[in-house]
Amino acid sequence: MAAIATSTQGHNPGLLVRLLSRPTAAAGLVAIVLIALAAILAPYVTPHSPTQLSIANRLTAPNTVYWLGTDELGRDILTRVLHAGRTSLSVAFSVVIVSSIIGIVLGLVAGFFRKADAPVSRLIDAMMAFPDILLAIALVAALGASAFNVVLALGIVYAPRMARVVRASTLVIRELPYVEAARALAVPTPVILVRHVLRNVTSPLLVQGTFIFAQAILAEAGLSFLGVGISPDIPTWGIMISAGRQFMNSASWLLFYPGLAIVITVLALQLLGDGLRDLLDPRLAKDI
Amino acid sequence: MLRAALNRLIGMLTVMAIVVTIVFVIVRVTPGDPAAVMLGPDATAADVEALRQRLGLDGTILQQFVSYVGGILRGDLGQSIFLGQPVTTALWLRAEPTFFLTIFSLAIATTVALPIGIASAYWRGSWFDQATTTLAMFAASVPSFWLGLVFIQTFAVGLGWFPTSGYGGPYSSLGERLFHLALPATTLGIVSSALIMRFTRASMLDVLNDDYVRTARSKGMSEWRVVIRHALKNALIPILTVLGLTAALLISGAIVTETVFALPGIGNLIVSAVLRRDYPVIQGALLIVAGLYVLVNFLIDMLYLLVDPRVRY
C-alpha cells in the first residue's frame, strides 16, 4: 500500500490530497493502510504468538484477553488473522506485480505494433474465456501447489485484464504528436515504448492494479479454501476459514473473523480503486 | 451484415483454437512427467508408460496435439483416470445440479439487481443510489464460500429452515432436490448480483440522457413509460451481454459453492479432479467451460447484429 501511496505522489503531487478529499476513497485508503500496517507490525500489535498452543484455552469465545477468541489448539485468533494477513496481502501484491509485467508486455506489443494486434488480442480473448478460479486451479494442479506457483497462476489469470488496459491506452498514445516526433527523430522503438508510452499508461495501470489486488485476495482465499493453494502450514485467511469449518457449529468465530478480514480488505481496495478511477480515468468511470 | 457475421464467426473459431491450445499446453507444463506425478513414487515403469499412452503423452508434441484435436472434433475428451468413465459422461452425469444452481442464482441475481440498478440510475446521486452502489460493492467483496458457510450456520443449523448440504437422496423428487439448492443459489446470486446491478445502472445512465428519452418526456409521456418502454428497452442489450457472460462465469462460483454445500455437480468434480490430478477431467472441464463462454460471447455478438441497426462493423 505504501508503494501505491508513494507512486501516486510521484505521479501527480495533488493526487493523494484529491483522493483524501473524497470520503469513500479516503475511507478505503485509510483502511488499507491500517490493514497493511497491522499485518506488517503483527508481532508488536498483539501480546500473543500465532503458533503458541494453549490447550487450557482451546475454543475460547471472544473475551477481554482473547478479543476474537481462540482456535482448537488455543491459539489467539486475532494474532493469527494479523499474521495470515501478511501472507494474503503479500501473495495478492505479488500477483499484481506478475500480472502487470505480463500484461504490460502483451498490451504494449498489441497496442503499438499493428501486425501483432490481432494475434495478441485473440490470445487475450482466449485467456479471458477461462473463469479465474478454474484456470488458476488448473494451473496450480499442473505446476504443483506452492506460494510461488499460486502467485504465478493468478498472475497469468489476471494478466489479460492488465493487457487490455495497456493496449487500449497504447492505441491512443501511439497516434499522439510526441510519439510521432520521437519516431521522426529516430528514437529507437524500445525507448519510445518505455519512455513515452509506458510512462503514460501508469494511471490506468494503477487503477486496474488496485482492482486486481482485491480480486487476487478473493481468489487466493478461494484456492486455499479448496485445498489447492498455499501449504496449509502457512496461515492465510482462506486456510483459516477452511480449518474453522470443522468447528462451525461450536465455535463460529474461527471462520467468521478471517472472512471479515477479507471482506474489509477487499472492500477498502475497491473503494480506493473506484476513487482512483474517477480521478485518473474518468472515461472508465462511465463504463462500470 | 453477412460479412460482419462471417468475421465474427472466424474470430470465434480463432479464439476457440487458442483455447484448445492453452488447455493442451497446461498439462504439458507440469514439471516432470504428468503420468509419474499422477501415479506417485511407487508406480512401476510399465504402469507409467501405460498411463502415458492413455493420456496421449506418447509420441512427439505435434503428434500429441493432432491426436488431441482429433479427439475433441470427434467429441472424445478422453477417459477419467480415477472414475473409469469417459470425461464427457462424468461431466454429463454431474451437469444437473450445476445447471439448476446456475439458473437459480442467475434468476435471484437478476430479480435483485435489475430493479435496483434501474432505480439507482433514475435517482442518480440520491441517498438510494449511494446506498445501493455501496451495497453492491460490499456484495462483490464477500468471498462466496464464506457467505455460504455463514448462511449454513444461520439458516440451516441455527434456524433449521434449509438442509445444510447435499442434493437430496438418489430417490428424492425434483422439488426436494431444488429445495437443497435454495441456500447455495442465494449465496451465488448475491455475489453475482453486484456486477449485474452496476452494469444495469451504467447502461440505464447512458440511455436516460439520450435525445429520444428527452423527446418522450417532452411529449408528456408518463415517467413510468419513459423509463420502462423507452429507456430500459434500449439499455437491455448491454445488460443482456453481462447476463450471458455472468451465466458462463457462474461456473467459477459454482466450483467453490458446490464444495461448501457438498453438491455433486461439475464444480465438485473439478475440485476432486484437481486434488487427484485427474488431468483428462481438468482438461475436459476447462475446455467445456471456456468453450461455452466463447460461444455465449459469439451469440451475444450475433444478437447485437440482429437487433441493433447501429452495429455494422
Side-chain angles (χ1 to χ4, degrees), chain A residues 24 118-119 121-145 149 214-215 217-219 221-223 225-228 237-238 241-242 244-245 248-249 252 255-256 258-260 262-271 274 285-288, chain B residues 11 14-19 21-23 26-31 34 37 130 134 137-138 140-147 149-150 152-153 157 195 198-199 202 205-206 248-253 255-256 259-260 267 270-271 273-275 277 279 282-283 285-286 289-294 297:
Chain A
T24 49
S121 293
R122 291 294 88 76
L123 176 68
I124 294 171
D125 286 347
M127 284 172 78
M128 299 272 283
F130 297 97
D132 50 3
I133 289 273
L134 181 58
L135 184 57
I137 61 173
L139 282 168
V140 174
L143 296 167
N149 287 341
Q215 288 304 311
I217 286 178
L218 285 175
L223 291 182
F225 175 78
L226 293 173
V228 290
W237 288 329
I241 296 175
S242 183
R245 276 179 84 180
M248 194 167 77
N249 299 333
S252 54
L255 66 88
F256 183 74
L260 198 62
I262 298 178
V263 175
I264 294 172
T265 313
V266 174
L267 186 62
L269 283 167
Q270 299 221 51
L271 289 172
D274 259 19
K286 203 171 74 91
D287 291 344
I288 297 181
Chain B
T14 318
V15 172
M16 213 60 130
I18 302 174
V19 163
T21 314
I22 292 175
V23 172
I26 281 180
V27 171
R28 270 85 190 163
V29 298
T30 306
V37 173
Q130 282 172 7
T134 313
M137 204 176 270
F138 186 77
S141 307
V142 178
S144 56
F145 57 94
W146 182 71
L147 188 65
L149 291 170
V150 172
I152 292 178
Q153 174 68 25
V157 177
L195 184 70
R198 297 186 85 177
F199 253 90
L205 277 180
D206 261 357
L249 285 176
L250 272 176
I251 187 81
S252 202
I255 293 173
V256 179
T259 308
V260 173
I270 294 172
V271 174
V274 167
L275 294 175
R277 292 182 176 253
Y279 290 120
I282 303 173
Q283 282 186 302
L286 276 173
V289 173
L292 269 177
Y293 183 88
V294 176
N297 229 334

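Because the structure is a prediction, the values reported are computed rather than measured. By convention in this document, chain letters (A, B, ...) are assigned in the order of the sequence lines, proteins followed by strands, and residues within each chain are numbered from 1. When reading the values below, keep in mind they use all heavy atoms of this one structure, side chains included, and skip hydrogens, waters and symmetry mates.
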Can you tell me which portion of B/Ala140 sits under 4.5 Å from chain A's heavy atoms? Options are side chain, backbone, both or neither. both

Search all heavy atoms of B/Val15 against all heavy atoms of A/Ala126 and return the closest pair with its distance. CG1-CA, 3.7 Å

Using a cut-off of under 4.5 Å for heavy-atom pairs, which of A/Thr24, A/Asp125, A/Leu226 has the most such pairs with chain B? A/Leu226

Let's test your reading of the structure: which of A/Leu260, A/Leu139, A/Thr265 forms the most heavy-atom pairs below 4.5 Å with chain B? A/Leu260

Residue pair A/Phe130, B/Val23: steps toward the side-chain contact (heavy atoms from CB on, under 4.5 Å) verdict: CA-CA 10 Å; A/Phe130 297 97; B/Val23 172; 3.8 Å; yes

Heavy-atom side-chain proximity of B/Ile282 to A/Ile137 below 4.5 angstrom: no

Is it the backbone or the side chain of B/Val157 that comes under 4.5 Å from a heavy atom of chain A, or both, or neither? side chain

Chain B contact via A/Ile264 - side chain, backbone, both or neither, heavy atoms under 4.5 Å: neither

Applying side chain to side chain donor-acceptor pair (under 3.5 Å), can you list everything that pairs with A/Gln270, at least two apart in sequence or on another chain? B/Ser141

Which answer fits B/Thr259, side chain, backbone, both or neither, if we ask what part of it has an atom under 4.5 Å from a heavy atom of chain A? both

A side-chain contact here means heavy atoms from C-beta on lying under 4.5 Å apart; do B/Leu149 and A/Phe225 qualify? yes

A/Met248, A/Met127, A/Met128, A/Gln215: which one forms the most heavy-atom pairs within less than 4.5 Å of chain B? A/Met248

Using a cut-off of under 4.5 Å on heavy-atom pairs, state which of B/Ile22, B/Val294, B/Thr21, B/Val260 scores highest against chain A. B/Ile22

Find the distance between OG1 (B/Thr134) and CG (A/Leu267) and round it off to the nearest 0.5 Å. 8.5 Å

Scanning both residues in full, the closest heavy-atom pair of B/Leu275 with A/Gly227 reads CD2-O, 3.7 Å

To check you understand the geometry: which heavy-atom pair defines the closest contact between A/Arg122 and B/Thr14, and what is its length? CG-CG2, 4.2 Å

Rounded to the nearest 0.5 angstrom, the CD1-CG distance for B/Ile270 and A/Leu134 is 5.0 Å

Closest non-hydrogen atoms of B/Tyr279 and A/Ala142, given as atom of the first, atom of the second and distance, are OH-CA, 4.1 Å

Bottom line for A/Ile217: the part with an atom under 4.5 Å from chain B's heavy atoms is neither

Distance-minimising heavy-atom pair for A/Leu218 and B/Val142: CD2-C, 4.2 Å

Count the heavy-atom pairs under 4.5 Å between each of B/Met16, B/Gln130, B/Gln153 and chain A, then report the option with the highest count. B/Gln153

Indicate yes or no: at least one non-hydrogen side-chain atom of A/Val228 is less than 4.5 angstrom from one of B/Val271. no

When only pairs under 4.5 Å are counted, which of A/Ala129, A/Ser242, A/Gly222 shares the most heavy-atom pairs with chain B? A/Ala129

Parallel, tilted or perpendicular: which describes the rings of A/Phe256 and B/Trp146, with under 30° parallel and over 60° perpendicular? tilted

Which heavy atom in A/Ala138 sits nearest to a heavy atom in B/Ile26, and how many Å separate them? O-CG2, 4.0 Å

